[in-house]
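Shown next, in structure tokens, is the structure this report addresses.
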Amino acid sequence: MHHFQYKGEELFAEDVAIKDIVAAVGSPVYIYSKATLERHYKAMDDAFAQAPHTICYSVKANSNLAVLKTFINLGGGVDIVSGGELYRALAAGVDPKKVVYSGVGKRDDEIAYALESGILMFNIESEQELDRISDIAGRIGKKAGIAIRVNPDVDPQTHPYITTGLKKAKFGINIERALEQYQRAKGLANIEILGIDCHIGSQLTKVSPFVDAIKKLKRLLDGVRGMGIDIKYLDLGGGLGIQYDDEAPPLPADYGSSIQEETKDLGLHLIFEPGRNLVGNAGILVGKCLYTKKGEEKNFVIVDAGMNDLARPSLYGSFHGVRPVFRNQDGVIEGDIVGPICESGDFLVKEREIPNFRQGDLIAFMSAGAYGFTMSSNYNSRPRAAEVMVDGGKFEVVRDREKLEDLVRGERVPSFL
Ligand SMILES: *Cc1c(COP(=O)(O)O)cnc(C)c1O
């Protein structure tokens, strides 16, 4: 459920007409609905009402300060994968004790920054990382809370690029080697073992892989507890899918009840790292039709938003629903919606039935709230789009459209030229 609906023949974000936003800030523009963000957060929070838990929103899905603040206001923490994301989350006012830090390539400076900030824990992804964090913690006189990110070798049955819990993935420590790493961690003076972590993939449309992973983690937990280690947290990562097209992912309530059933006797505080599920359907990208090329080999609708604005179709071949901002098109055509970028991979829609758009029409690309703006780039020297948040009948720009000067910020011509 989301709050991007038609009133009559015109598309609205909550109570704001999309055309009014475009008139004020131009296109392309990302539009987020605060009510939808809150609704999704609460659905996840309520799904785990029977268990002590913390929702650590995965910042990489959408890292705008306004989005972070929305969840922080509801009591949320964050899952970060870089020092930059920590900076954003702290700027948005996150409680450092609700920050978990994942990622296979944490740098020394990022580790030190996280320790100085007093985050809850690092999710350790390799043996060497464990030693590095221990060393840095010792050097700056802090104790590092950790969980080991276990790779449980479970197939999440999703796109290969977002599958992370199989043995061949770069993520986490193989579950068969995890016990010896807990043993090692126990002997490190500057490490405090707090939890067990896993994140098996993204856009999962079934509960069963999560349950399979938990079953494997429970065996590990027994072993770890058997060594006299007091585990407090079970971090189950993110990954719950959303509906882009005709998928039918489990509702948060179903996901919640299966997981609580599986974990209820463990005496652990659960941590979740949802990204896509909270923000995906809470955002849209709106572009304008610049030109059409119809009736040739293929029909093309050329818009002012491209793969630099929304990379998912090019990167994963993913589906985004398309809605006209005004339902005044006559009929439908079969064709592609493409951007201005000089790459044939620059498409937002490929070979689908779409409204018969005309020059000047505004087009909404649905489900663009997750991995949309955060994956955008300046490719082809295109300033990045504006971001707007809507709250009932009002809206505010939450990130300015980049200006031409922004494109060359920090660049300089060397003295020898
Ligand atoms: C990307 C990521 C998430 C969020 O995944 P979603 O599918 O967006 O919920 C959570 N945890 C980690 C470690 C991640 O890398």
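We count ligands from 1, going down the list as the structure has it; atoms in each ligand are counted the same way. The structure presented is a predicted model; accordingly, all values stated were derived computationally and were not measured. All values below were derived from every heavy atom in this structure, side-chain atoms included, with hydrogens, water molecules and symmetry-related copies excluded.
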Using the six-membered ring of [Y], assess whether NZ or CZ of [X] lies under 6.0 Å from its centre and within 45 degrees of the ring axis.
X: Arg352; Y: Phe319; answer: yes
X: Arg327; Y: Tyr6; answer: yes
X: Lys106; Y: Phe122; answer: no

Check whether any N or O atom of [X], backbone or side chain, sits under 3.5 Å from an N or O atom of ligand 1, and answer yes or no.
X: Glu273; result: yes
X: Arg276; result: yes
X: Asp79; result: yes
X: Val81; result: no

Pull out every atom of ligand 1 sitting under 4.0 Å from any heavy atom of [X], numbered as shown with elements.
X: Arg149; value: 13 (C)
X: Ser102; value: 13 (C)
X: Gly238; value: 9 (O), 10 (C)

Looking at [Y] and [X], is any side-chain nitrogen of the basic one under 4.0 Å from a carboxylate oxygen of the acidic one?
X: Glu176; Y: Lys167; value: yes
X: Glu351; Y: Lys298; value: yes
X: Arg384; Y: Asp406; value: no

**Partner residues of Ile72 under the side chain to side chain contact (heavy atoms under 4.5 Å, CB included) criterion, sequence neighbours left out** = Leu68, Ala92, Val94
Quick one: nearest non-hydrogen protein atom to [atom], plus distance?
atom: atom 8 (O) of ligand 1; answer: Tyr371 OH, 2.6 Å
atom: atom 7 (O) of ligand 1; answer: Ser202 OG, 2.3 Å
atom: atom 14 (C) of ligand 1; answer: Lys60 NZ, 2.8 Å

**Request:** Consider ligand 1: state whether an atom of it lies below 4.0 angstrom from any non-hydrogen atom of Gly239.
**Result:** yes
**Request:** For Pro274 and ligand 1, answer yes if some heavy atom of the residue is under 4.0 Å from a ligand atom, otherwise no.
**Result:** yes
**Message:** Quick check on the 6.0 Å ring-centre criterion: do Phe300 and Phe347 meet it?
**Reply:** no
